[in-house]
Amino acid sequence: MKSVMKTSAKTETALITGGSSGIGYAIAKELASRGFNLILASNQEEKLNEVCKELTIQYQIKAWPVFIDLAETGAAQKLYYWCQQEKIEIEILINNAGIFFFGEVVETNPEKVQQMITLHTTTPSLLCTLFGHDMKKRRSGHILNISSLAAWMPYPGISHYSSTKQFLKSFSRSLRTEMIDYNVNVTCICPGAVSTQLYELSETGHKKALKTGIMMSAERLAKLSVNGMFKRKSILVPGFVNRIFLLFIYMLPHGIVLLIRRYSRFLPPDRG
């Protein structure tokens with residue numbers, strides 16, 4: 001792990017996992033625009049350094065890049081000890097880092113499964129444990145966990161993704177109840193599709209999805225997420241279309257999911 005700046009005297013610092021791209025980068029910009037110093041942690045070393053330099057110059061804040069693989073065992077402890085060594089107090093913890101893949105459970109590489117489980121469950125819950133303990137002692141702090149609309153979708157093809165995101169949603173709710181009397185807020189955001197590199201769509205496809213509301217821009221999601229956190233919301237499903245879709249998920253019989261699954265197995269492959 002590397003750092004390029006000395007510790008700031010300012011105590012209002014946010015730690016964002018996966019802060020070098022996508023939703024994490026958008027949240028980093030949103031918080032930097034509000035004057036918060038940042039610690040950005042990810043496994044994209046070059047991009048990480050570029051983003052920290054960009055935000056430092058643009059918003060006149062301090063930003064520390066921490067190059068670390070958050071899907072590795074012990075990553076949460078390493079990140080926490082780094083902050084202790086640098087004597088940086090974390091006022092806001094944002095667990096955003098995540099991965100996505102589509103496929104049947106029994107056909108998935110076990111290493112990929114382990115990476116997702118660690119990244120979506122073990123690392124964020126341990127970061128909440130370590131930094132949450134400090135927040136409880138000083139009676140101050142915010143924790144923002146990024147789950148997904150998929151937390152309500154136990155559907156074939158995204159079994160590992162939806163299950164790990166459901167864990168994060170449930171964990172956030174329980175932790176919120178434990179921490180509320182210590183003036184520590186825990187908010188869980190459950191977005192639908194977001195316009196990032198996660199989806200391999202053409203530029204035209206992204207524009208159409210954004211225009212129809214099927215997909216949300218990372219910048220809009222970041223603003224809604226940060227505002228929801230500071231308003232001390234519990235669980236937030238951002239976007240009208242996503243809330244309507246959530247009602248559809250509740251009403252969809254599992255038998256229909258099974259029929260769709262069986263039918264899709266006999267569809268010819270997409271030849272582009």
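Nearest approach of H120 to A97, heavy atoms of both residues: CD2-O, 4.1 Å. Of all non-hydrogen atoms in L144 and M229, the two that sit nearest each other are CB-SD, 3.8 Å. Smallest separation of non-hydrogen atoms from M135 and I143: SD-CG1, 3.9 Å. Counting all heavy atoms, side chain and backbone alike, A41 lies closest to L70 at O-CD1, 3.9 Å. When all heavy atoms of T118 and P124 are compared, the pair lying nearest together is O-CD, 3.9 Å. The nearest pair of heavy atoms linking R139 to K136 is NH1-O, 2.6 Å.
Inspection of the Y25 and E54 side chains reveals an N or O donor paired with an N or O acceptor under 3.5 Å.
C188 SG to R173 CZ: the interatomic distance, rounded to the nearest 0.5 Å, is 10.5 Å. Atom CG in L48 sits 14.0 Å away from atom NZ in K53 (nearest 0.5 Å). Rounded to the nearest 0.5 angstrom, C52 SG and I57 CD1 are separated by 11.5 Å. Between the CD1 atom in I39 and the CD1 atom in I92 there is a gap of 12.0 Å [rounded to 0.5 Å]. With rounding to the nearest 0.5 angstrom, the CZ atom of R176 is 13.5 Å from the SG atom of C128. A distance of 10.5 Å separates CD of Q84 from CD1 of I90, quoted to the nearest 0.5 Å.
At least one side-chain heavy atom of W64 sits under 4.5 Å from a side-chain heavy atom of W82. Here the side chains of V184 and S140 are not in contact, with every heavy-atom distance at 4.5 Å or above. Using a 4.5 Å cut-off on side-chain heavy atoms (C-beta onward), F100 and I158 make contact. Contact annotation: the side chain of L40 approaches that of V51 to within less than 4.5 Å [non-hydrogen atoms, C-beta and beyond]. Looking at I16 and L38, their side chains come closer than 4.5 Å, going by heavy atoms from C-beta outward. Considering only heavy atoms from C-beta on, I94 stays 4.5 Å or farther from L15 through its side chain. Under the 4.5 Å side-chain criterion, counting only non-hydrogen atoms from C-beta, R232 is in contact with N183. A 4.5 Å side-chain heavy-atom check between P191 and N242 finds every atom pair outside the cut-off.
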- request: Check the pair S225, N227 against side-chain hydrogen bond (donor to acceptor under 3.5 Å, both in side chains), reporting the backbone distance first and the verdict last.
  value: CA-CA 5 Å; S225 298; N227 286 342; over 6 Å; no
task: Could you walk me through whether Y182 and K137 pass the side-chain contact (heavy atoms from CB on, under 4.5 Å) test, one step at a time?
output: CA-CA 8 Å; Y182 304 108; K137 284 198 300 184; over 6 Å; no
message: Between N95 and N145, does the side-chain hydrogen bond (donor to acceptor under 3.5 Å, both in side chains) criterion hold? Intermediate values first, please.
response: CA-CA 5 Å; N95 284 305; N145 291 327; 2.9 Å; yes
- request: Kindly indicate, with the supporting measurements, whether the criterion salt bridge (charged side-chain N to carboxylate O under 4.0 Å, His left out) is fulfilled by E30 and R34.
  value: CA-CA 7 Å; E30 180 66 28; R34 302 183 188 212; 2.7 Å; yes
message: Pair T13, E91 - check side-chain hydrogen bond (donor to acceptor under 3.5 Å, both in side chains), show working.
response: CA-CA 6 Å; T13 301; E91 180 67 17; over 6 Å; no
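A cation-pi contact, defined as under 6.0 Å to the ring centre and within 45° of the axis, links K169 to W152.
Follow the hydrophobic side-chain contacts under 4.5 Å out from I117 and you never reach I146; the two are in separate clusters. Note on F171: it clusters hydrophobically with M179, by side-chain heavy-atom contacts below 4.5 Å among ILVMFWY residues. If you chain together hydrophobic residues whose side chains sit under 4.5 Å apart, I88 and L130 fall into the same group. F101 and L149 fall within the same hydrophobic cluster, defined by Ile, Leu, Val, Met, Phe, Trp and Tyr side-chain heavy atoms under 4.5 Å apart, directly or through other members. Cluster membership for I27 and L168, using ILVMFWY side-chain heavy atoms within less than 4.5 angstrom, is not shared.
Between the side chain of S170 and the backbone N or O of Q166, no donor-acceptor pair lies under 3.5 Å. Side-chain atoms of S162 come within 3.5 Å of backbone atoms of M153 as a donor-acceptor pair (strictly under, hydrogens ignored). Side chain of R243 to main chain of V237: a donor-acceptor pair is present (N/O by atom type, distance under 3.5 Å, no hydrogens or angles). Checking side-chain atoms of N37 against main-chain N and O of K62 turns up a donor-acceptor pair under 3.5 Å. When atom types are taken as modelled, the side chain of S148 and the backbone of A151 share no donor-acceptor pair closer than 3.5 angstrom. A donor-acceptor contact shorter than 3.5 Å links the side chain of T17 to the backbone of N96. Remark: side-chain polar atoms of S147 are paired, donor with acceptor, to backbone N or O of K165 under 3.5 angstrom. No donor-acceptor pair closer than 3.5 Å links the side chain of S159 to the backbone N or O of P156.
With respect to R138 and E89, a salt bridge is recorded, a charged nitrogen being found less than 4.0 Å from a carboxylate O.
Within a 6.0 Å radius of CZ in F167, more than 12 heavy atoms belonging to other residues, nucleotides or ligands are found.
Taking the ring pair (Phe, Tyr, Trp, His ring centres under 6.0 Å) definition, one finds that Y80 meets it with F131, sequence neighbours left out. Evaluation of the ring pair (Phe, Tyr, Trp, His ring centres under 6.0 Å) rule for H160 yields no partner, not counting sequence neighbours.
For H142 and F230, the ring centers are positioned less than 6.0 Å apart.
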